[in-house]
> 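Here you go, one structure.
Model, not experiment: these values are computed from the prediction. Sequence lines set the chain letters: A, B, ... in the order given, protein chains first and strands last, and positions in each chain run from 1.
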Amino acid sequence: MERDYNPHELERAVQQSWEAEDAFAVGEELDRQKFYCLSMFPYPSGRLHMGHVRNYTIGDVIARYQRMEGYNVLQPMGWDAFGLPAENAAIERGTSPAAWTRANIAEMKTQLKRLGFGYDWNRELATCDPDYYKWEQWVFLRLLKEGLAYRKKAPVNWCPNDQTVLANEQVVDGACWRCDTPVERREIDQWFLAITEYADELLDELGNLAGWPDEVRAMQRNWIGRSRGVQVRFAVAGAEQELSVFTTRPDTLMGVTYLAVAPEHPLAQASAESNADVAAFVERMSNRATAEGELEAQEKEGIRLAAEAIHPLSGERLPVYAANFVLMAYGEGAVMAVPAHDQRDFEFATKYDLPIRPVVVPEGGDLDPGSMTEAFTEPGVLKDSEAFSGLTSAGAFEAIADKLKALGRGERRTNYRLRDWGVSRQRYWGAPIPVIHCDACGAVPVPEADLPVVLPEMELREAASPLKQSPEFYRTTCPECGGAAERETDTFDTFVESSWYFARYTSPDSDAAMVDERAGYWLPVDQYVGGVEHAVLHLLYARFVNKLMRDTGLIASDEPFTRLLTQGMVLYGGAKMSKSKGNVVDPQEMIDRFGADTVRLFILFAAPPEQALEWSDEGVQGAHRFLNRLWRLTADFAEAGPVPALPAELAEEAADLRHQVHALIQRASDDVRRRYHFNTAVAATMEITNALGKQVGSDDRGMRAVVGEGLSAVVRLLSPMTPHLANALWQGLGHTGTVEHAAWPEPDPTALQRESVDLVVQVNGKNRDEIRVPADADEAAVREQALTSERVREFVGDTPVRKVVVVPGKLVNVVAK
RNA sequence: GGGACGGUGGCGGAAUUGGUAGACGCGCUGGAUUUAGGAUCCAGUACCUAUGCGUGUGCGGGUUCGAGUCCCGCCCGUCCCACCA
């Protein structure tokens with residue numbers, strides 16, 4: 001082999017051989033265990049950034065490792081190709097989103113190949129391809145039929161900058177998740193997917209996702225926000241309409257002293273028509289800030305409405321307020337206010353001088369409304385609550401719920417924070433929603449035979465969708481009555497495409513169905529890798545669509561991703577890399593300087609995958625130095641001749657080295673296999689290399705055999721991380737076949753055995769000496785030897801020894817005090 | 001306000017089940033080699049009032065023969081959610 005490590009030439013050659021052999025193409029082999037390793041596919045924004053490189057390096061290491069363990073490994077790659085940045089770029093450059101996207105895909109694909117990722121490119125897909133989104137349109141038609149997709153006029157989050165609607169999940173702190181523009185509320189006809197139908201399953205199954213980070217499960221649980229309570233209907237004096245509220249605390253019902261509705265609530269709106277003060281309040285509240293922090297700081301504010309509600313049990317007349325702290329979007333948009341037991345109600349009551357009536361008190365205690373400074377929100381025991389007095393909160397919950405039901409004034413109900421998923425986007429660069437609007441027949445599904453509804457390729461001049469000005473696209477005839485009709489010009493939210501791509505990779509060329517029987521072999525994904533920023537968007541939608549596909553009979557698995565690894569951010573100079581901060585490190589520049597292996601190795605070594613990674617120019621140098629050293633060492637070793645076989649007996653020095661090497665192999669394997677702690681696995685390979693380096697010049701046959709064996713192990717341990725270098729060194733060491741087909745190294749149990757071990761000896765918990773004892777020495781012998789140690793006798797002195805603790809293989813603690 | 005995760009040398013980080021704190025790397029110091037620089041190699045590198053029964057994992061307590069790790073009470077940081085009834 002060559003004496004000098006020349007990464008660029010080497011990497012090019014190895015990549016060419018992979019390409020020539022189609023080395024990462026896989027098919028279904030029913031007699032082999034499969035492993036499906038998937039990294040979140042990129043949006044083709046132009047060039048790879050360091051976050052991509054980290055994501056895909058982690059995924060590639062896992063895929064290559066599993067392959068060495070003998071699994072039939074699928075690792076595909078594709079493009080999340082629809083989306084707004086393409087439109088913005090197209091407007092700026094006077095081109096079409098399609099052309100811009102295709103150019104970016106070509107560029108980024110070259111970069112991915114340059115990094116040496118082992119993808120099965122035969123399965124590549126782009127979501128903007130009609131062969132892909134055809135099936136999304138198809139499944140949408142199925143959902144329409146089942147009532148799981150529906151259209152309704154709804155108040156929506158509207159981003160004035162992007163000129164489109166946003167799903168709830170896409171509003172961050174009251175602003176657009178993409179461009180940070182504050183969102184406005186609008187009433188628009190929208191298509192929805194009934195994700196709330198699956199809320200319980202999505203929530204309950206989080207408990208089974210043992211391979212997911214707790215963090216992500218907690219976020220999804222939080223987002224779905226299930227709460228059990230009672231819907232209570234209050235009669236309104238002199239009106240037929242009832243006032244419906246949702247409460248999780250029916251036990252506090254007898255403490256209700258007023259009701260409050262959202263400013264957008266019909267009752268408030270109706271009142272505004274006849275009362276100028278209410279109208280002014282409602283108007284002012286419609287512009288209220290929705291950003292976080294402001295909301296918290298916002299003082300409780302309200303206005304009394306003319307209506308009076310009637311307490312369902314006591315018959316008492318209760319004032320009704322429109323109040324800023326009540327949200328129209330949650331529950332019924334109205335609350336029963338119990339100032340004694342809810343902090344918001346308490347603050348409002350204090351401000352407007354409304355009565356505070358404690359009905360749930362601490363066991364054995366009491367509450368004085370006159371001196372309360374905050375609400376008592378704990379469960380307790382009921383008082384002043386007619387027949388319910390004396391019950392516990394839990395008991396009263398049931399008793400009062402039963403009573404309300406008997407009176408026809410309420411039912412138990414489960415409420416969710418999760419809302420149905422609005423998927424209509426008023427933009428061009430997306431998959432057309434396959435619906436035709438007919439004046440006579442209404443919204444009519446496009447017949448299956450007419451799919452796909454192809455998005456025409458167009459140039460863009462302004463933010464508005466050109467589809468709406470394109471009669472060639474929207475003019476059509478009604479599939480039902482044959483009359484003139486218009487196509488839906490809205491497109492799907494791009495999160496729809498990314499909700500099922502993992503399944504399409506299994507059957508990328510299927511033109512008869514969304515997926516075929518091959519999905520049964522590969523799904524679910526065994527390991528998914530991506531950024532934590534998708535914890536509630538993509539990962540929740542994908543779980544939902546997976547269940548839709550299951551219930552359509554397309555796939556069998558309940559969940560799409562068995563294990564999930566969320567990698568940390570890449571920082572530079574202590575901050576997240578971003579163009580605005582000017583602290584971006586371009587991966588391409590790093591590859592050009594050091595080669596792909598060095599970049600991959602540094603990323604893996606600098607931090608465990610789920611933690612933030614601080615980019616360090618010196619650290620990259622260090623990684624490069626290590627690869628250089630390993631290369632030279634292997635070249636020196638190989639130059640001296642072939643590797644001799646291990647003799648039956650090794651001299652002590654060689655045996656010690658072999659022991660050390662095998663112990664490190666064991667550690668590195670455990671780090672990769674069980675813990676995905678690639679940073680410590682790399683550290684172990686460095687330790688092995690350092691140890692071998694001292695003996696590389698030895699001409700002792702036994703020592704040479706140990707060094708040769710050790711180098712072969714290091715090369716295989718490193719091969720998922722630095723595959724090009726490993727490929728060359730493997731050949732340099734004289735192995736036949738490529739390292740990609742080699743087996744993962746296993747420690748030799750006989751090498752791990754020792755005749756004697758060194759134990760630390762402590763006196764009163766402080767290290768005082770070290771003794772060497774036979775590995776099979778019993779406790780009494782170890783104890784004896786420790787007590788006769790001179791250092792121990794010195795520290796113990798005349799103090800009687802109270803106890804001797806022996807931890808086999810580790811230490812002895814002599815307790816004398 | 002609720003939740004999750006974290007706080008260890010000059011820096012990134014290691015310590016997996018309560019058992020030698022600081023692996024590995026960076027940086028730094030000294031030396032070798034070199035015309036020089038760089039590269040490479042060797043040695044050292046937690047701290048200190050250092051001839052030590054010394055101190056040390058954010059702070060204060062506790063359990064234990066033994067605590068970075070477990071328990072109680074605080075402080076600080078990052079992320080997520082948030083007038084959710």
Side-chain angles (χ1 to χ4, degrees), chain A residues 172-173 213-223 225-227 229 245-249 252 260 262 292-293 295-300 323-327 329-338 342-345 347-348 415-418 532-533 535-536 568-569 571 601-602 605-608 610-623 625-626 628-629 632 664 667 670-671 674-675 677 679-687 689-690 693 758-768 770 794-795 797 802-817:
Chain A
V172 179
D173 300 343
D214 290 344
E215 184 194 10
V216 174
R217 292 195 288 171
M219 282 164 78
Q220 291 210 357
R221 206 171 287 127
N222 210 329
W223 188 266
R226 177 165 66 194
S227 49
V245 305
F246 175 73
T247 179
T248 55
R249 293 292 304 275
T252 65
E292 87 173 279
L295 264 182
E296 197 183 1
Q298 212 167 49
E299 199 175 332
K300 305 277 173 296
N324 63 344
F325 68 90
V326 185
L327 306 175
Y330 186 77
E332 303 291 313
V335 298
M336 60 178 223
V338 188
D342 180 282
Q343 187 56 27
R344 291 157 305 183
D345 300 348
E347 286 168 27
F348 191 86
N415 217 350
Y416 302 91
R417 192 184 164 282
L418 182 72
V532 72
E533 65 272 19
V536 282
M569 290 185 304
L571 314 174
L601 184 73
F602 169 71
F605 179 57
E610 66 280 0
Q611 256 175 55
L613 179 154
E614 174 95 33
W615 187 268
S616 150
D617 295 328
E618 293 83 10
V620 186
Q621 284 282 359
R625 244 193 317 257
F626 168 66
N628 260 305
R629 197 161 60 235
R632 268 199 317 275
L664 286 164
R667 216 176 73 197
D670 188 51
D671 286 342
R674 188 172 57 81
R675 304 206 300 160
H677 277 202
N679 56 328
T680 51
V682 172
T685 66
M686 287 172 168
E687 279 192 75
T689 305
N690 290 343
D758 293 326
L759 299 185
V760 165
V761 184
Q762 303 182 327
V763 177
N764 295 329
K766 300 206 177 204
N767 298 352
R768 297 305 183 197
E770 241 184 53
E794 192 181 313
F795 280 103
R802 277 210 345 228
K803 193 173 172 183
V804 179
V805 181
V806 176
V807 183
K810 296 237 163 104
L811 58 70
V812 182
N813 188 11
V814 178
V815 185
K817 44 180 162 181

> Hey, does A/Phe795 reach any base, or is it just sugar-phosphate, or nothing, if we go heavy atoms under 4.0 Å?
sugar-phosphate
> Roughly how far, to the nearest 0.5 Å, is the CD atom of A/Glu332 from the OG1 atom of A/Thr247?
11.5 Å
> Can you tell me which nucleotide in B/U20, B/C83, B/G13 comes closest to the side chain of A/Asn679?
B/G13
> Applying side chain to side chain contact (heavy atoms under 4.5 Å, CB included), can you list everything that pairs with A/Ala684, at least two apart in sequence or on another chain?
A/Leu664, A/Arg667, A/Ala668
> Given B/C53, is OP1 or OP2 found less than 4.0 Å from the side-chain N or O atoms of A/Lys766?
no
> Please determine, for the side chain of A/Trp223, which listed nucleotide (B/C53, B/G25, B/C81) has the closest atom?
B/C81
> Between CG of A/Asn679 and CZ of A/Phe602, what distance do you get to the nearest 0.5 Å?
11.5 Å
> What nucleotide, of B/C84, B/U20, B/C53, holds the atom closest to the side chain of A/Arg344?
B/C84
> A/Phe348: what forms a ring pair (Phe, Tyr, Trp, His ring centres under 6.0 Å) with it, not counting sequence neighbours?
A/Tyr258, A/Tyr321, A/Phe325, A/Tyr352
> Considering every strand and a 4.0 Å limit on heavy-atom distances, what is the contact class for A/Lys803: base, sugar-phosphate, or nothing?
base
> Rounded to the nearest 0.5 Å, what separates atom CG in A/Leu418 from atom CG in A/Asn222?
12.0 Å
> Are the side chain of A/Asn813 and the backbone of A/Lys803 linked by a donor-acceptor contact shorter than 3.5 Å?
no
> Measuring only the P atom in each nucleotide, how far is B/C79 from B/U40? A whole number of Å is fine.
38 Å
> Would you classify A/Ser616 as touching base, sugar-phosphate or nothing, given that sugar-phosphate means primed atoms plus P, OP1 and OP2, and contacts are heavy atoms under 4.0 Å?
nothing
> To the nearest Å, give me how far apart NE2 (A/His677) and P (B/U16) are.
11 Å
> Give me, pair by pair, the N or O atoms of the protein and of nucleotides 2-9 of chain B that are less than 3.5 Å apart, along with how far apart they are.
none

> Out of B/A23, B/C83, B/U20, which has the shortest distance to the side chain of A/Val760?
B/U20
> For B/C70 and B/G19, measure between their C1' atoms and round to the nearest Å.
14 Å
> Of the nucleotides B/A21, B/G66, B/C83, which has the atom closest to the A/Phe325 side chain?
B/C83
> Against A/Val760, only a single residue in A/Asn767, A/Val807, A/Val812 fulfils side-chain contact (heavy atoms from CB on, under 4.5 Å); can you say which?
A/Asn767
> Mind checking the C1' distance from B/U64 to B/C75? Whole angstroms is fine.
26 Å
> What nucleotide among B/G19, B/U20, B/A14 has an atom nearest to a side-chain atom of A/Thr680?
B/A14
> Answer with base, sugar-phosphate or nothing: what part of the nucleic acid does A/Pro213 contact at a heavy-atom distance below 4.0 Å?
nothing
> What's the closest nucleotide to the side chain of A/Met686 if the choices are B/C83, B/U16, B/C24?
B/C24
> Report all interatomic pairs (protein N or O, nucleotide N or O of nucleotides 29-32 of chain B) with separations under 3.5 Å.
none

> What pairs with A/Glu794 under side chain to side chain contact (heavy atoms under 4.5 Å, CB included), at least two apart in sequence or on another chain?
A/Arg791
> Using the test side chain to side chain donor-acceptor pair (under 3.5 Å), find all partners of A/Asn690 that sit at least two apart in sequence or belong to another chain.
none
> Could you tell me whether the side chain of A/Arg768 and the main chain of A/Val761 form a donor-acceptor pair under 3.5 Å?
no
> Out of B/G19, B/A85, B/G13, which nucleotide sits closest to the side chain of A/Val807?
B/G19
> Touch check for A/Gly225, heavy atoms < 4.0 angstrom, all strands: base, sugar-phosphate only, or nothing?
nothing
> Applying side chain to side chain donor-acceptor pair (under 3.5 Å), can you list everything that pairs with A/Arg802, at least two apart in sequence or on another chain?
none
> Name all residues meeting the side chain to side chain donor-acceptor pair (under 3.5 Å) criterion together with A/Asp342; count only those two or more places apart in sequence or in a different chain, and write none if there are none.
A/Arg344
> Can you tell me how far P in B/A23 sits from the matching atom in B/C11, rounded to whole Å?
15 Å
> Rounding to a whole Å, what distance do you find between A/Asp671:CG and B/G25:C1'?
15 Å
> Does the side chain of A/Lys766 reach to within under 4.5 Å of the side chain of A/Phe795, using non-hydrogen atoms?
no
> Can you check the distance between B/G22 and B/G10, where both ends of the measurement are the P atom (answer in whole Å)?
16 Å
> In whole angstroms, how far is the P atom of B/C79 from the CD atom of A/Gln611?
15 Å
> Counting only side-chain nitrogens and oxygens, does A/Arg675 get under 4.0 Å of the OP1 or OP2 atom of B/A15?
yes
> Would you indicate what A/Ala684 reaches in the nucleic acid, counting non-hydrogen atoms under 4.0 angstrom: base, sugar-phosphate, or nothing?
nothing
> Which value, in whole Å, describes the distance between the C1' atoms of nucleotides B/G18 and B/A82?
39 Å
> Just to verify, what does A/Asp670 make a side chain to side chain contact (heavy atoms under 4.5 Å, CB included) with, not counting sequence neighbours?
A/Arg674
> If I take atom CZ from residue A/Arg226 and atom CG from residue A/Asn415, how far apart are they, to the nearest 0.5 angstrom?
12.0 Å
> Categorize A/Val335 for me: base, sugar-phosphate, or nothing, with a 4.0 angstrom heavy-atom threshold over every strand shown.
base
> Is any side-chain nitrogen or oxygen of A/Asn690 closer than 4.0 Å to OP1 or OP2 of B/G25?
yes
> Suppose you measure atom C1' in B/C76 against the same atom in B/G62; what distance do you get, rounded to whole Å?
23 Å
> Out of B/A85, B/A82, B/A14, which nucleotide sits closest to the side chain of A/Arg417?
B/A82
> Looking only at the side chain of A/Arg674 (C-beta and beyond, no hydrogens), which of the listed nucleotides B/A21, B/U16, B/G54 gets closest?
B/U16
> For B/A21 and A/Asn767 - does any side-chain N or O of the residue sit under 4.0 Å from the phosphate oxygens OP1/OP2?
yes
> Starting at the 5' end of RNA chain B, what dot-bracket string do you get if Watson-Crick and G-U pairs under 3.5 Å are bracketed, crossing pairs use [ ], other-strand pairs use | and unpaired bases use dots?
(((((((..(((......[....)))((((((.......))))))(((...).))..(((((..]....))))))))))))....
> Does B/G9 count as syn, meaning its glycosidic angle lies within 90° of 0, or as anti?
syn
> Hey, does A/Glu614 reach any base, or is it just sugar-phosphate, or nothing, if we go heavy atoms under 4.0 Å?
nothing
> Sort me out a list of protein N/O and nucleotides 36-40 of chain B N/O pairs below 3.5 Å, or just none if empty.
from	atom 1	to	atom 2	distance (Å)
B/U40	O3'	A/Arg632	NH2	3.3

> Let me see the working for A/Val532 and A/Glu215 under side chain to side chain contact (heavy atoms under 4.5 Å, CB included), right down to the final yes or no.
CA-CA 9 Å; A/Val532 72; A/Glu215 184 194 10; 3.9 Å; yes
> Could you tell me which residues satisfy side chain to side chain donor-acceptor pair (under 3.5 Å) with A/Thr248, sequence neighbours excluded, listed by chain and number?
none
> With rounding to the closest Å, how many angstrom separate the C1' atoms on B/C81 and B/C28?
45 Å
